[in-house]
Amino acid sequence: MSKTALIVEDEIFVALDLERILVDAGYEVGGIAADSAQALAAAPACSFAFVDVNLRDGPTGPAIAERIARDYGVKVVFVTANPGQIGHVPDALGYVRKPFSDQAILTAAAVAAAGSADCPADVEFVRLDQHG
């Protein structure tokens, strides 16, 4: 599977930190989006995405995640300080809580890029399907 990530995050320093972690590990970043329109435009070129819940256009992260997963097959991992706001998003793999470690992002990226349920142990990456 492709190793191209989409970063959906409106805080530029957080987005750049995610980009640094991913690029240093050999992933490509297909785009950084701060809102729904930018995310939907960039999604077709990406295989997985890190999505914040609260963006420039409001708490649109879960709706973006659902749409890019459904329409483009993008694997989604939320990166948020508010995991309770995620709700039920079919096909989302899980979440990493902010502030995050490089290792948590790399674990989530490996799972998303592989498209596999197999996941190295990392307490910072929480699988949503384990919590129903």
Legend entry - Gap separating the CD1 atom of I32 from the CZ atom of F50, nearest 0.5 angstrom: 12.5 Å
Inset, instruction - Compare all side-chain heavy atoms of P90 with those of E66 and state whether any distance is below 4.5 angstrom. - result: yes
Inset, instruction - May I ask you to test the V79-Y95 pair for a side-chain heavy-atom distance under 4.5 Å? - result: no
Inset, instruction - Using a 4.5 Å cut-off on heavy atoms from C-beta on, say whether the side chain of L93 contacts that of F78. - result: no
Legend entry - N-O pairing of E9 and K98 below 4.0 Å: yes
Inset, instruction - Write down the atom of C46, the atom of V74, and the distance for their closest heavy-atom approach. - result: O-CG2, 3.4 Å
Using distance only, find each side-chain donor-acceptor pair of residues 21-28 under 3.5 Å and give its atom names and separation, not counting sequence neighbours.
from : atom 1 : to   : atom 2 : distance (Å)
Y27  : OH     : A110 : N      : 3.4

Legend entry - Test side chain to side chain contact (heavy atoms under 4.5 Å, CB included) applied to D57 - qualifying residues, sequence neighbours left out: D35, S36, L55, T60
Legend entry - Under 3.5 Å donor-acceptor, T4 side chain and G30 backbone: no
Inset, instruction - Please report the shortest heavy-atom distance between T80 and N82, naming the atom on each side. - result: OG1-N, 2.9 Å
Legend entry - Least distance between heavy atoms, K75 atom then A112 atom: CG-O, 3.6 Å
Legend entry - Contact summary for I7 and A15, nearest pair of heavy atoms: CD1-O, 3.8 Å
Inset, instruction - Taking only Lys NZ, Arg NE, NH1 and NH2, and the carboxylate oxygens of Asp or Glu, determine whether R20 and D102 approach each other closer than 4.0 Å. - result: yes
Legend entry - Spacing of I105 atom CD1 and F100 atom CZ [to the nearest 0.5 Å]: 5.0 Å
Legend entry - Taking every non-hydrogen atom, the tightest pair across A42 and L6: CB-CD1, 3.7 Å
Inset, instruction - Start with the C-alpha distance between V77 and V96, add both sets of side-chain angles, then the distance that settles side-chain contact (heavy atoms from CB on, under 4.5 Å), and finish with yes or no. - result: CA-CA 7 Å; V77 174; V96 175; 4.2 Å; yes
Legend entry - Distance-minimising heavy-atom pair for R67 and L40: NH1-CD1, 3.1 Å
Legend entry - Evaluation steps, side-chain contact (heavy atoms from CB on, under 4.5 Å), between V111 and F48: CA-CA 10 Å; V111 171; F48 65 97; over 6 Å; no
Legend entry - Q85 and P59, any side-chain heavy atoms less than 4.5 Å apart: no
